[in-house]
Amino acid sequence: MTVEIVDPATGLVTYRHELMGAADIEQRLQAAADAFPGWADHSLQDRGAILRRIAAQLRTRRDDLQQAMTHEMGKLKAEALAEVDKCAAACEYYADHAADYLKPQLIDTEAQRSYVRYEPIGCVFAVMPWNFPIWQVFRFLAPAFMAGNVALLKHASNVPQCADLILAVCRDGGLPDGVFDVLHIDNEQAAEVLRDTRVKAVTLTGSERAGRSIASNAGGQLKKSVMELGGSDAFVVLDDADLDKTVAAAVKSRFDNSGQTCIAAKRFIVVDAVADEFTRRFVEAAGERQYGDPNERGTTLAPMARADLRDELHKQVQGSVAKGARILVGGEPIAGTHAGYPATVLDQVGPGMPAYDEELFGPVAAVIRVKDEAEALRVANDTRFGLGGSVWTRDPVRGERFAQRMECGAAFVNAIVKSDARLPFGGSKQSGFCLLYTSDAADDSLRVDLGGRRIIKK
Ligand code: NAP
C-alpha cells in the first residue's frame with residue numbers, strides 16, 4: 001500500500017512511500033532476535049560509546065532532521081532544532097548515567113550476599129507519535145539501548161522520513177545490524193508484530209484510543225508494556241500569582257508546537273479574584289502568535305500536523321460553544337490549503353463541554369473560572385487524565401501544598417510542565433503507566449518544581 005505525506009504548511013503531497021510486506025517484517029524481527037544476545041553482552045561502556053557517537057550524528061544531521069520534521073508535521077524550525085539538541089543531550093545523559101541506574105541493588109539478608117540485578121528483556125516494540133517525532137523515539141531508545149535491549153520502531157504514519165533519518169543516524173553512529181530497525185507498517189500489522197513471540201515488550205506514546213488497543217493486545221500476550229498517553233493538564237492561577245510571569249508561561253505552554261504537546265497546559269483554572277485580568281492579558285498575548293510558514297523566523301504559530309486533526313479540534317471548539325463557552329480570540333480555521341488553526345481562547349468553559357472533558361490537542365485554551373483555591377483543586381482533579389499540572393502563586397509553600405494534592409504524574413510550582421531526562425516522567429489515571437525502564441519508572445510519583453529546586457515524592 002502507498003502512503004502519501006502531505007506538507008501541512010502547503011497541503012501538497014511531498015512524499016510517497018510503500019508499507020512493508022510480510023517478508024520485510026519477518027526479516028527485521030529475526031534480525032532483532034539474532035542481534036539481541038550480542039548486544040546484551042556488550043559492556044555498558046561499549047554501548048555508551050555508541051550512544052555518544054549517535055549523539056554526534058544527531059548534531060551533524062541537525063538540519064536534515066529539522067527539515068523532515070517541518071515538512072512532515074509542520075514544526076517550527078527553531079523548535080525542531082531544539083528537539084534535535086535535546087535528543088543528543090539525552091543520549092549523552094544515558095551514556096553517562098546508565099551504570100548508576102542499572103547497578104545491582106544490594107539487600108541485607110541473612111545470606112552472604114543478596115542483590116537485585118537488572119537484565120535486558122529483548123526486543124522492545126515501540127509505537128510512537130508524530131508530535132515530537134525525534135524526541136519521543138530517543139526518549140525510549142537511549143535508555144532501552146543502554147539497558148541492553150534491541151528495538152523495532154513503528155512510527156506514526158505521517159512521519160516516515162523522520163523514522164528513516166533516525167535509523168540512518170543510529171547506523172552511522174555504529175549501532176550493530178539488527179539492534180534497531182524501522183517497520184513501515186499499519187496498525188493491523190503492528191498488532192501482528194506485537195503478538196510475535198520474538199517481541200518481548202511494547203512501549204506506546206499516543207492517544208487513549210491507541211493505548212486501549214495496544215495495552216489489551218499486550219495484556220492478552222502477558223507482555224510488558226509502557227503506556228504514555230494523552231493529558232489535559234491543569235494550569236491553576238491562584239489569587240496571588242505574579243501575572244506577568246504567569247501569562248507569559250501560559251502562552252508558551254499552550255501554543256508552542258501549535259498546542260500539540262501531551263504536557264501542554266490545556267485547562268486554565270483561574271480564581272475569580274484575578275480571572276478578568278489574567279484572561280484579558282492571556283487573550284492579548286495569544287492573539288500576538290503569528291501563523292505562517294514554519295521555516296520563517298517570524299512565525300510563532302505553526303500549522304497543525306494534519307488537516308483532519310485541525311478539523312477534529314474545530315469540532316471540539318464548536319461543541320463547546322454550543323454548550324455555552326465564549327470565543328475570546330481565534331475560533332475559526334485559517335483559510336487556505338494548509339492545516340492552520342489560530343491561537344484560540346475559550347472562556348466560561350464548564351463540565352459537559354469537549355473543552356472541559358476531552359484533550360484539546362491543538363492551539364485552543366480553555367479558561368475555567370472558579371471561586372477559590374478549594375474549587376480550583378477540585379476542578380484540576382476533575383478529569384480522567386493525570387499527566388501533569390502546574391500551579392501559579394507568589395507563595396511557594398502554598399504552591400507546594402497545592403501541587404502535592406494534584407492527581408498527576410508531574411506537578412510543578414511556578415514552572416511549565418516539561419520533561420527532563422534527569423527526572424522521572426509518566427502519567428497517572430488514564431494518562432498511562434510505566435513499568436519497563438528503571439530510569440522512567442515514574443508511575444504515580446509526584447514531582448514538584450520550585451524554580452529550580454526539584455522534589456520528587458513517591
Ligand atoms: P495516535 O493516533 O494514538 O498515534 C500514536 C501512534 O499509535 C502512531 O504510531 C499510530 O499509528 C499508532 N496507533 C494508533 N492507533 C493504533 C492502534 N489501534 N494499534 C496500533 N497502533 C496504533 O496519537 P497521535 O495523534 O500520534 O499523538 C497524539 C496523542 O499522543 C495525544 O493524545 C498526546 O497527548 C499523546 N502523547 C502522549 C505523550 C506522553 O508522554 N504521555 C507524549 C506525546 C503524545 P498511525 O499513525 O499509523 O495511526
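Counting starts at 1 for both ligands and their atoms, in listed order.
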| Is ligand 1 under 4.0 Å from a heavy atom in the side chain of Gln136, in the backbone, in both, or in neither? | side chain
| ligand 1 atoms in contact with Pro129 (distance to a heavy atom under 4.0 Å) | 26 (O), 27 (O)
| said: Taking the ring centre of each residue, are Phe361 and Trp130 less than 6.0 Å apart? | reply: yes
| said: So, regarding Ser431 and ligand 1 (criterion: nitrogen or oxygen to nitrogen or oxygen, under 3.5 Å), is there a contact or not? | reply: no
| task | Using a strict 4.0 Å cut-off to heavy atoms of Arg209, name the atoms of ligand 1 that fall inside it. | result | 2 (O), 15 (N)
| Between Glu358 and ligand 1, which residue portion shows a heavy-atom distance shorter than 4.0 Å: side chain, backbone, both, or neither? | neither
| request: Look at atom 17 (C) of ligand 1 and find which of Val3, Ile185, Asn187, Asn257 reaches it with the closest heavy atom. | output: Asn187
| query | Hey, is Asn131 touching ligand 1 through its side chain, its backbone, both or neither, going by heavy atoms under 4.0 Å? | reply | side chain
| field | Leu387 neighbourhood, listing ligand 1 atoms whose heavy-atom distance to it stays under 4.0 Å | value | 41 (N)
| So, His338 versus Tyr291, ring centres under 6.0 angstrom or not? | yes
| remark: Taken in chain and number order and not counting sequence neighbours, the residues that satisfy salt bridge (Lys or Arg N to Asp or Glu O under 4.0 Å) with Arg52 are Asp96
| So between Asn158, Leu229, Val226, whose heavy atom ends up nearest atom 37 (C) of ligand 1? | Leu229
| task | Compute the minimum heavy-atom distance from Val127 to ligand 1 and say whether it is under 4.0 Å. | result | yes
| message | Checking the N or O distance criterion of under 3.5 Å, is ligand 1 in contact with Thr205? | response | no
| message | One thing to verify: whether Asp357 and Arg384 come together as a salt bridge, which I'm taking to mean a side-chain N less than 4.0 angstrom from a carboxylate O. | response | no
| field | ligand 1-proximal atoms of Ile263, by part, heavy-atom distance under 4.0 Å | value | neither
| query | Does any donor atom in the side chain of Tyr15 or Asp7 lie under 3.5 Å from an acceptor atom in the other side chain? | reply | no
| N or O pair under 3.5 Å between Met128 and ligand 1 | yes
| query | Should the ring pair Tyr94 and Tyr101 be called parallel, tilted or perpendicular, given that the plane angle runs from 0 to 90° and is split at 30 and 60? | reply | tilted
| field | Ser207-ligand 1 polar pair, N/O distance under 3.5 Å | value | yes
| query | Under a 4.0 Å heavy-atom limit, does Glu208 contact ligand 1 with its side chain, its backbone, both, or neither? | reply | neither
| request: Check whether any heavy atom of Thr261 sits under 4.0 Å from an atom of ligand 1. | output: no
| task | Establish, yes or no, whether the cationic atom of Lys418 lies under 6.0 Å from the six-membered ring centre of Phe425 and within 45° of the ring axis. | result | no
| Near Ile214, which atoms of ligand 1 are under 4.0 Å from a heavy atom of that residue? | 19 (N), 20 (C), 21 (N)
| request: Say whether Lys266, considering both its backbone and side-chain N or O atoms, lies within less than 3.5 Å of an N or O atom on ligand 1. | output: no
| task | Using non-hydrogen atoms of the residue, decide whether Phe425 is closer than 4.0 angstrom to ligand 1. | result | yes
